[in-house]
J.: 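Please see the structure below; I have some questions.
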Amino acid sequence: MATPILAVNNIEVIYDHVILVLKGVSLTVEEGRIVALLGANGAGKSTTLKSISTLLKGERGDITKGNIEFKGERIDHLTPADLVKKGVCQVMEGRHCFAHLSIEENLLTGAYSRKVPGSQIRQDLEMVYGYFPRLKQRRTSLAAYTSGGEQQMCAIGRALMARPTMILLDEPSMGLAPQIVEEVFAIVKSLNEKEGVSFLLAEQNTMVALRYADYGYILENGRVVMNGPADDLATNEDVKEFYLGVASGERKSFRDTKFYKRRKRWLA
Amino acid sequence: MNWQAFIEVLVGGLLSGVMYSLVALGFVLIYKASGVFNFAQGSMLFFAAMTCAGLVGKGLPLWAAALVSLVVMVALGLAVEKFVLRPMVAQPEISLFMATIGLSFVIDGLAQIIWGSTAMKLDLGVEDMPLEALMDKTGIAVSQFDLLAAAVAAVLVSGLAVFFSKTKVGRALRAVADDHQAALAVGIPLQRIWGIVWGVAGFVALVAGMLWGARNGVQFALTSLALKALPVLIIGGFTSVPGAIVGGLIVGASEKLAEVYIGPHVGGGIEAWFPYILALGVLLIRPEGLFGEKIIRRI
Ligand SMILES: Nc1ncnc2c1ncn2[C@@H]1O[C@H](COP(=O)(O)OP(=O)(O)O)[C@@H](O)[C@H]1O
Ligand SMILES: [Mg+2]
């Protein structure tokens, strides 16, 4: 097994000093992989990503236990700007493009932390336009007036302009039409293959995410309840039942099912 | 109607409006970047004018006094960001606003501890007298001092416009204004950007303070200029540099015209409240101001 580029070690996260949201989450991402972080709304996916990108502090959240390592170095004490310099960039849930900046200006802000000549920046801009031809067409439009899909592309492209080795991508499929979701995921896959960017991808859309990911973690109530290679998860009966909508019978908690199945096996 | 008199009032009003714009500009910068209505902007202006006039009083030539004041004001801006706003990151906007109210008392007090509380004079070498060449040719009286103020404002605003739209830091500044969280996520160092904004606001306060101080005397009343800037901001929009300019011009021109042409019918003295009526009208029709960024909401 290759050494992981990112390791989240048993972290506990508390908001506003009282609300315990993550109750000991561990996960690893190996270099060059796409890892999916799955789970229902409120499971703690975004909180996990924000813990890694250190954006948590701005929301009065604290990591009270455990730690996070990127390339073997502790990163939980860094500022977001320093982390971007080290090569980790988050694309936030809901896209968060700069509404009053044009698409091209949005992309350029992604390169803020880099100390490289302008010619290099132009070259990277063309690279981003190569992956997202739609953005090139809309380069002078204000981001606020572009479609949801274009905004998602803009947000990913903006992160790419920092030339990260790892992108934390939060719910890219949110609010997008199915074809656009496929388009976005296909681009993520090719960025992963051609630019070698590793992805940690939070998604509620389990089906699509597992199709593009190499490995997956399922989060429930702030705990990892299952993990494994994407193919295994996609064919797992329990995952199918609870997250792929192939339901049989009434809805139960995932943990209950495991227990229930285990007991059934035991009794049989 | 006497057109010559009308033009004289109009031009005089527009030029005095420029002086309001200069005050409003400082508010716009900080509001744009951090969403904070900086109640202490008037105090910063007072502090700047006192420092400059005080140094001239100590025998420094004007240019040296201005330069030292510039350094002091930028340092003051940076210190405010570091010691007042940074510890309050992620707090509600109203808390930040209250912090700037407290700050205004501290800065007022500091200015008076250092430079005393008596009014001072500041001479910029240009008098508040009609420009003679223009007077001779057209018979219209336009103050030389007002023209200087307008020229300074024009340079300042063009400089800021280029800074905002063309430079990397300016772009980052607008990004921060749009979305703090997203700016952080892409690696824009929020605190450095806020530091820069407060520094620039200190510089703008100095320019406005020197001009207002030279015209009205360097005295405590300068702090209340913040109130004059309020209708300018409402009319022009809190987030727009061009809005601050146009808002200032509208306020300046309309209050002078109203005073001269409507005033006599209602007993005069309307200059003091006319801008607020105007601002109220704008507020009803276009709450973001004439130039304010449209509140864009997508669901
Ligand atoms: N800033 C916050 N303050 C308090 N509670 C929060 C905050 N952000 C998220 N939470 C809570 O943490 C839990 C996990 O949220 P989140 O990480 O956003 O889940 P997900 O991304 O999986 O939908 C939810 O119960 C949510 O209400
Ligand atoms: Mg989420």
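Chain identifiers are assigned alphabetically (A, B, ...) following the order of the sequence lines, protein sequences preceding nucleic acid strands; residue numbering begins at 1 within each chain.
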J.: Relative to chain A, which segment of B/A183 carries a heavy atom at a distance below 4.5 Å: side chain, backbone, both, or neither?
T.: both

J.: Quick check on the interface: out of B/P189, B/A185, B/A175, who has the most heavy-atom pairs with chain A under 4.5 Å?
T.: B/A175

J.: Please output the residues of residues 76-94 of chain A in contact with chain B, using a heavy-atom cutoff of under 4.5 Å, in numerical order.
T.: A/P80, A/A81, A/V84, A/C89, A/Q90, A/M92

J.: Using non-hydrogen atoms only, which part of B/T239 is less than 4.5 Å away from chain A: side chain, backbone, both, or neither?
T.: neither

J.: Pick out which of B/K168, B/R174, B/R171 makes a side-chain contact (heavy atoms from CB on, under 4.5 Å) with A/T109.
T.: B/R171

J.: So what's closer than 4.5 Å to chain A heavy atoms on B/L173: side chain, backbone, both or neither?
T.: neither

J.: When you look at CD of A/Q120, are more than 12 heavy atoms from neighbouring residues, nucleotides or ligands closer to it than 6.0 Å?
T.: yes

J.: Is chain B contacted by the side chain of A/A111, its backbone, both, or neither, given a heavy-atom distance below 4.5 Å?
T.: backbone

J.: Would you find more than 12 non-hydrogen atoms of other residues, nucleotides or ligands less than 6.0 Å from B/F97 atom CZ?
T.: yes

J.: Near A/Y129 OH, under 6.0 Å, is it more than 12 heavy atoms from other residues, nucleotides or ligands?
T.: yes

J.: Just how far is it from atom CD of B/Q181 to atom CG of A/L55, taken to the nearest 0.5 Å?
T.: 5.5 Å

J.: How close do A/H96 and B/D179 get, counting heavy atoms only, and between which atoms?
T.: ND1-OD2, 2.6 Å

J.: Is the number of heavy atoms from other residues, nucleotides or ligands under 6.0 Å of B/R192 CZ greater than 12?
T.: no

J.: Measuring only between side-chain heavy atoms, which start at C-beta, is A/Y112 closer than 4.5 Å to B/V169?
T.: yes

J.: Count the heavy atoms belonging to other residues, nucleotides or ligands that lie under 6.0 Å from OH of A/Y212, then report whether that count exceeds 12.
T.: yes

J.: Of the backbone (N, CA, C, O) and the side chain (C-beta and beyond), which part of A/R95 lies under 4.5 Å from a heavy atom of chain B, both, or neither?
T.: neither

